[in-house]
Protein chains: 2
Amino acid sequence: MKRIDFPERENWEGILKRPTQTVSDIEGTVNTIFEEVKSGGDAVVKKYTERFDGVSLKNLKVTQDEIQKASESVSEGLQQAISLAQSNIEKFHAAQRTERVEVETMPGVSCWQEKRPIQKVGLYIPGGSAPLFSTILMLAIPAKLAGCSEIVLCTPPDKKGEINPAILYTAQLCGVTQIYKVGGIQAIAGMTFGTESIPKVYKIFGPGNQFVTVAKQLATKYGVAIDMPAGPSELLVVADNTANPAFVASDLLSQAEHGADSQVILVSTSESLINDVEKEIEGQLKVLPRASIAEKAIANSKLIQVKNDQEALDLINEYGPEHFIVCVENEGFYLDGIQNAGSVFIGNYTPESAGDYASGTNHTLPTNGYAKQYSGVNLDSFMKSMTFQKISREGIERIGSAIELMAEAEGLQAHKNAVTLRLKRSK
Amino acid sequence: MKRIDFPERENWEGILKRPTQTVSDIEGTVNTIFEEVKSGGDAVVKKYTERFDGVSLKNLKVTQDEIQKASESVSEGLQQAISLAQSNIEKFHAAQRTERVEVETMPGVSCWQEKRPIQKVGLYIPGGSAPLFSTILMLAIPAKLAGCSEIVLCTPPDKKGEINPAILYTAQLCGVTQIYKVGGIQAIAGMTFGTESIPKVYKIFGPGNQFVTVAKQLATKYGVAIDMPAGPSELLVVADNTANPAFVASDLLSQAEHGADSQVILVSTSESLINDVEKEIEGQLKVLPRASIAEKAIANSKLIQVKNDQEALDLINEYGPEHFIVCVENEGFYLDGIQNAGSVFIGNYTPESAGDYASGTNHTLPTNGYAKQYSGVNLDSFMKSMTFQKISREGIERIGSAIELMAEAEGLQAHKNAVTLRLKRSK
């Protein structure tokens, strides 16, 4: 890890820079596949599934029979663990439901706001080495709570044309309505345009590699919304001498094992804590099965010593970490002052992996500094807010002349007329 | 207007198609200006201001003196009208504030959600024939209520290098912190990258022409969020014989005068109502100052007769109108059933222009069918939701083994270790 002691503010931007991603060379491929899927539908999706996933599929849709069989092969212990996580995630997301907001802004002028579900949503779950069934919990549970009527899931098949049983089990458990064996660009294109098998959806959620990320960005050009732009996962820990160095090291490593491009940062006012964490990382790293991945991420990562808490907080807000662990005596200072973070983990007994799986919070969070302007996925991500208004004769008499004046000043006579006519008739 | 009687469902898609926009030929220009502004800053912004707005500016930033003078030139009547609108918009948006959501999902596992302001936001206000000061009310009021610390406004200057006084007056009144004389692509690029004068912002709001729309879309590639993708304004009215045909016609025309590409649709089960509205439109259209614009929009627009309320509702949900006026006896049927609409106006005395200016609801709404997945601008548009969690020793003992099992099943050993270490030490 890189050690940086007392960096000057003018150097923060450089120090906090994320490993850059180059996407421009991918865009051509993504555009081509989108155009082909748009016109060719299922046949094109199958062609690319054969090319990228190495399997020729007859049917893209997972059958009820496949789901049944998969479910039976998930161990009882894992089923119970998933069920505990499900219960906590449901509790926390159900509590996010907001009531209708109604205000009579003036006598006779009633305005209200209501949230209604996005009817058709698509969830993308990557395949590869780690079957991310936990992400299904994080996306399908709030989608179901929101009342989305179609919850479509796409995930790439393995070389035998199968999906990991834990993925099928979790999808079924959480109310996914349809599952398709399709991954990568062709999955995002399929949900953007619709094919003979795959339904067109209104909003696409979920993580993915650079191809999926660029494909989601392109989907927005065709009118599909996405949860947020994605980037490599990251963690920033602020810790002092009340923190347990072994715990801090384990959290930094849990983030580092995600990928070689993950980034982890430790910020501290304590030199001894930094020293202790560095030693702990060396020891713990060796025994990890994904040590080679974690090692690369750790090489990119930083141990930053700062002068005081205020400087630490300013630096953290400039970075805007996806995950932010606060392990300090005066935690209130950081909790009050943090402006830009996806999710915050407090104290020695709150590992980031708790939020990744089972505490109840969502793990689909803004990376790459996007915590400055994007929310993590929450119940509202699956709804849209609509406004309503009803004005009485009395109401239009009260606000009518203001509208007339403003419409006229904007040069919009027909806007004014719509009021003038009503004011005449209301007398 | 085009009359369509009892269309078959399979033809709805074609009938409801919006006038298409071609943006691909604009993209090159937008890309070039972005690249230039990124490297050249103010000098490039000034170059394009001279080219597109026909004025050579020394300073981009509006001075306090200019604001003062402008404010003095706004009539007292208009000031009062703006003040009434401000008060209603404030009331309605302040009521949208949500409390912190806190849940103990299991004993010892506390999770909460809080919303914090997006620190730096940019508001784009178009220039041109209509000075849209009302849009400043709609964007700056919720930005201020949310607690955004920098509220930057960009709007193009006229040929004399000046900004319409009503725009400056309203901006100052609603808490805009900085105003810049810059419009079009160069404004969006300036707020995306920052220049010597213009600050970089985290999220850009506001309407604009096709160039601005494409520029906002490009800004998202550079990590800036936007309010929503934009398209021409539109209105759909559902009305029966309890509706006043003159009022309905005036609403359709108020939308039509926005631009030649605006679209208005009347849906009704009543042939006589459709006939009456058609006649009213002819009469009212003639006397409008913007008749030539409205005429073109009206030519694109549709009067659709349907069999019954259910068919009307299905068709409206498929269209997803930006503005939706409900003027029928059984209004409850539509209010309960509407899934996709930006803002809903109910009854004979609720013209769309009330919501455009002064009732309290926001007029920045999803067009182009985006009501299926996007919210109109509201208080939350200026905030992001963050989650927090704090787990006690007891808490980690309760959820620890579930996390261990799930992490292991996903092949993420370091995630498991972070818990295992804590479980060992907590004994």
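Model, not experiment: these values are computed from the prediction. Residue numbers start from 1 in every chain, and the chains themselves are labelled A, B, ... in the order their sequence lines are given, proteins ahead of strands. Worth knowing before you read on, the calculation uses all heavy atoms, side chains too, and leaves out hydrogens, waters and symmetry mates.
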Exercise. Can the ring centroids of B:Tyr202 and A:Tyr370 be said to lie less than 6.0 angstrom from one another?
Worked result: no

For this session: Would you kindly say whether B:Gln113 and B:Ser385 are connected by a side-chain donor-acceptor distance under 3.5 Å?
Result: yes

Exercise. Can you find a side-chain donor-acceptor pair between A:Thr98 and B:Thr98 that sits under 3.5 Å?
Worked result: no

Problem set entry | Modelled atom types, side-chain donor and acceptor of B:Thr420 and B:Glu404, under 3.5 Å | yes

Exercise. What part of A:Ala371 is in contact with chain B, defined as an atom under 4.5 angstrom from a non-hydrogen atom: side chain, backbone, both or neither?
Worked result: backbone

For this session: Indicate whether any N or O donor in one side chain lies under 3.5 Å from an N or O acceptor in the other, for A:Gln389 and B:Ser359.
Result: yes

Exercise. Does a side chain donor of either B:His415 or A:Asp356 reach within less than 3.5 Å of an acceptor in the other side chain?
Worked result: yes

For this session: Check each atom of A:Lys221 against the heavy atoms of chain B and say whether the ones under 4.5 Å are side chain, backbone, both or neither.
Result: both

Problem set entry | A:Tyr349 side chain to B:Arg393 side chain, donor-acceptor N/O pair below 3.5 angstrom | yes

For this session: Sort out for me which of B:Lys372, B:Met386, B:Lys120, B:Glu408 touches chain A most, counting heavy-atom pairs under 4.5 Å.
Result: B:Lys372

Exercise. Between B:Glu331 and chain A, which part of the residue has a heavy atom less than 4.5 Å away: side chain, backbone, both or neither?
Worked result: side chain

For this session: Go through B:Val419, B:Leu253, B:Asp251 and name the one with the most non-hydrogen pairs under 4.5 angstrom from chain A.
Result: B:Asp251

For this session: Name the option with the most non-hydrogen atom pairs under 4.5 Å to chain B; the candidates are A:Gly395, A:Ser75, A:Ser343.
Result: A:Ser343

For this session: Just give me the residue among B:Ser392, B:Ala402, B:Ser353 that pairs up with chain A most often, heavy atom to heavy atom, under 4.5 Å.
Result: B:Ser353

Problem set entry | Top of B:Asn348, B:Val109, B:Thr361, B:Val74 for chain A proximity - count of heavy-atom pairs under 4.5 angstrom | B:Thr361

Seminar exercise, completed: Applying a strict 4.5 Å limit to non-hydrogen atoms, the region of B:Leu335 in contact with chain A is both

Seminar exercise, completed: When the 4.5 angstrom heavy-atom criterion is applied to A:Ile89 and chain B, the contacting part is neither

Exercise. Is it the side chain or the backbone of A:Gln284 that comes within 4.5 Å of chain B heavy atoms, both, or neither?
Worked result: side chain

Exercise. In terms of heavy-atom pairs under 4.5 Å, which option from A:Ala85, A:Gly77, A:Pro117, A:Ser134 contacts chain B the most?
Worked result: A:Ser134

Exercise. Tell me, side chain or backbone of B:Leu137 under 4.5 Å from chain A's heavy atoms, or both, or neither?
Worked result: side chain

Problem set entry | Interface moiety of B:Leu132 toward chain A, non-hydrogen atoms closer than 4.5 Å | both

For this session: Heavy atoms only, distances under 4.5 angstrom: which of B:Gly108, B:Cys111, B:Ala358, B:Gly360 has the most pairs with chain A? Name it, please.
Result: B:Cys111

For this session: Measure distances from A:Asn317 to the heavy atoms of chain B and classify the residue's part below 4.5 Å as side chain, backbone, both or neither.
Result: neither

Problem set entry | Nearest-0.5 Å distance that lies between atom CD in A:Glu397 and atom CZ in A:Arg422 | 13.5 Å

